[in-house]
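Let me begin by presenting the structure, written as C-alpha cells, before commenting on it.
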Amino acid sequence: HVLLNFAYYKMSSSDSGHRKGPSAKDNPNYDLCEFLMELSAYERNVTRNTFKSNAYRSAASSLAAYPTRVTGAKEASSIKGIGKRISEKIEEFLSTGKLKKLEKIRTDDTSTALTELTRVSGVGPAKARQLYDAGITNIMELKKRTELLTHHQLIGLKYVEDFEKKIPRAEVQTIERAIRGSLSNMKQQYNMTVCGSYRRGSERSGDVDVLLTYDNVEVERKTVKLEESSSSLTKETNAKNEVAKKRKDISDGSSDEENHNKDNINTKKNRKLKADQKYTTSSPSGSSSDNKSYATNESSSPSANKESASKTNHRAMLQSVVHQLQKDNIVTDQLSLGDTKFMGVCRVPPEECYRRLDIRLLAPEHYYCGILYFTGSDLFNKDMRTQALAAGFTLNEYNIRPMGSTGVPGEPLHVNSELEVFDYIGMKYKQPSERNM
DNA sequence: AGCCTACT
DNA sequence: CAGAGTAGGCTA
Ligand SMILES: [Mg+2]
Ligand SMILES: [Mg+2]
C-alpha cells in the first residue's frame with residue numbers, strides 16, 4: 001500500500017503533503033480519491049495509458065474538492081471529470097467497500113514490481129518494464145544491477161528513501177536562506193523566489209523549487225511604472241504586492257545586462273533558442289556597456305568571461321550558480337543541468353536528509369509567467385493552460401501568446417504581473433494558496 | 001530526431 | 001476529437 005501510495009504521490013503534484021495528493025485525510029471522499037489515484041498509478045506504470053492515468057487523477061482532484069460525501073453513481077457523475085465508467089467504480093466501492101479491478105491489480109506481481117521500481121527518480125514506466133524483463137522486481141535487486149542505470153537513476157537510487165520524505169516548511173526556509181547567502185557572494189546577482197508547493201503555502205513540500213532571474217534594472221523600473229498606472233483595483237493590489245515582493249528579493253540592483261536578443265554566433269545554442277525565449281518587451285535598452293554583468297564568482301568557473309555582457313549565456317550563468325552552491329556544500333549531487341534548468345540534490349545541516357532541489361533560471365522579462373508556472377500545481381497549470389487555449393491563447397513559462405487562426409502562436413503579450421495572465425484568459429485571479437488542484 | 005522522464 | 005507545455009539526457 002505504501003508503494004502504491006508513493007507512486008501516486010509522485011505523480012500528483014509531488015509537493016503537498018506526502019500522501020496528500022489532491023486529497024487530504026479530512027476530505028469526506030478521501031478513500032474514493034485514494035482508489036482513483038491508485039488506478040491512475042496503475043494506468044501510468046503498468047499499462048502506460050497516459051490519458052487514462054490523467055483521467056483518474058483529474059477525477060480524484062475534482063472529487064477532493066467536492067464538499068460532501070458522494071453517495072452514489074448519479075451524484076458522482078455530476079462532478080467534472082467523472083463520467084459513466086468512473087462513477088460505476090465509485091458505486092461499486094460504496095456498496096461493497098472495495099473494487100475488484102483494484103484487488104486484482106494489488107495481487108499482480110508485475111504491477112507490484114513496476115510500481116516499486118518507479119519509486120526511483122529517473123525510472124519511469126518504460127525503464128521499469130525493461131528492468132522487470134531483466135528479472136529485477138524490487139529496489140533491493142536493483143542495487144545489485146547498477147550497471148543498468150543512468151546517472152540520474154543512480155542518484156535516484158542512492159537517495160530513494162530520503163526523496164520520499166517531506167520537507168517541513170521551516171526547512172525549506174533554511175535551505176532558502178542558505179542559497180541566498182551563497183548566491184549573494186556572486187558578482188552576478190539574482191532575483192530569487194521559492195515557488196512550488198512552498199509558495200502555495202504548504203506546510204510540507206516534496207522538494208524545493210527555486211526560480212532565479214538575473215538582475216535587470218531597466219525591466220524592474222518599467223515594471224513598477226506600469227503597475228502604478230494600472231487601473232483595476234484588484235489588479236493594482238495584487239500586482240503591487242508582487243512587485244513589492246520582487247523588489248524585496250533583489251539584493252543588488254546595480255547590474256544590468258541583455259544577452260538574449262544578441263545574435264551571437266553560438267551555433268547549437270542559438271539554433272535551439274525558442275521564439276518564446278527571445279526578448280519581446282521593448283527590452284532593457286540596458287547598459288550592456290555596464291560590464292559588470294556576468295563575471296561569475298571569484299573562481300574558476302570555466303565561463304568566467306572575458307566577453308562583454310552581451311556574450312554571456314544562460315548555460316554559463318546556471319553552471320556558475322550550481323558551482324557556487326556546490327562550493328558552499330549546499331548542492332551535493334546533480335541529476336541534470338542545462339541552460340535554464342538544474343535538477344539536483346541539496347542538504348543543509350544540521351538536517352541530515354538529502355533533498356531534491358530544482359532551479360529554473362529565466363530572463364527577467366519572463367519572471368511573471370515563470371513564477372506562475374513554477375508555483376503550480378501541476379494540475380492547476382494544466383487546467384489554466386487548457387483554459388488559455390479555449391480563450392485563444394497559449395501559455396508557457398515564458399509568455400502568453402495569442403493563437404492565430406492558423407493555429408500558429410502570435411507574438412508574446414506583455415505581462416507585468418501574474419494577475420495580467422489571468423486577465424488575458426478571463427480567469428479570476430487565484431492566490432497561490434488557491435492553486436492546489 | 002525521437003523517446004523517456006522529469007518539472008509545475 | 002483533443003488532451004499543457006517544456007527541459008535535459010540518452011540512444012541510435
Ligand atoms: Mg516542487
Ligand atoms: Mg521540483
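Side chains included, hydrogens not; waters and symmetry mates left out as well; all remaining heavy atoms used. Quantities reported herein were computed from a predicted structural model and do not represent experimental measurements. In what follows, every chain begins at residue 1, and chains take the letters A, B, ... in the order their sequences are listed.
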Nearest to side-chain heavy atoms of [X], which nucleotide of [options]:
X	options	value
A:Asp358	B:dT8, C:dT6, C:dC10	B:dT8
A:Arg48	B:dC4, C:dG9, B:dA6	B:dC4
A:Ser121	B:dA6, C:dG8, C:dT6	B:dA6
A:Asp207	C:dA4, B:dA6, B:dC7	B:dC7
A:Arg360	B:dC7, B:dC4, C:dA7	C:dA7

Is there a side-chain polar atom (N or O) of [X] under 4.0 Å from OP1 or OP2 of [N]?
X	N	result
A:Lys341	C:dA7	no
A:Thr394	C:dG5	yes
A:Arg356	B:dC7	yes
A:Tyr373	C:dA7	no
A:Arg129	B:dT5	no

SB check [X] [Y] (cutoff 4.0 Å):
X	Y	answer
A:Glu203	A:Lys166	no
A:Arg106	A:Glu38	yes
A:Asp378	A:Arg435	no

What is the separation between atom [atom1] on [X] and atom [atom2] on [N], rounded to the nearest whole Å?
X	N	atom1	atom2	answer
A:His151	B:dA6	NE2	C1'	14 Å
A:Leu117	B:dT5	CG	P	12 Å
A:Asp209	B:dC7	CG	C1'	8 Å
A:Leu148	C:dC10	CG	P	15 Å
A:Arg57	B:dT8	CZ	C1'	11 Å
A:Arg200	B:dC7	CZ	P	13 Å
A:Leu149	B:dC4	CG	P	17 Å
A:His366	C:dG5	NE2	C1'	15 Å

* Structure fact -> The reported gap from CD1 in A:Ile179 to CD1 in A:Ile330 (rounded to nearest 0.5 angstrom) is 6.0 Å
Please work out if [X] contacts a base, only the sugar-phosphate, or nothing of the nucleic acid, heavy-atom cut-off 4.0 Å.
X	value
A:Leu337	sugar-phosphate
A:Asn381	base
A:Phe51	base

* Upstream residue (5' side of DNA chain C) when A:Arg385 and A:Thr340 are each assigned their closest nucleotide -> A:Arg385
* Passing candidate, side-chain hydrogen bond (donor to acceptor under 3.5 Å, both in side chains) with A:Tyr132, options A:Thr137, A:Asn138, A:Thr110 -> A:Thr110
* **A:Leu211 and A:Val194, any side-chain heavy atoms less than 4.5 Å apart** => no
* Asked: Taking atom types as they are modelled, is there a donor-acceptor pair under 3.5 Å from the base of B:dT8 to the side chain of A:Asp378?
  -> no
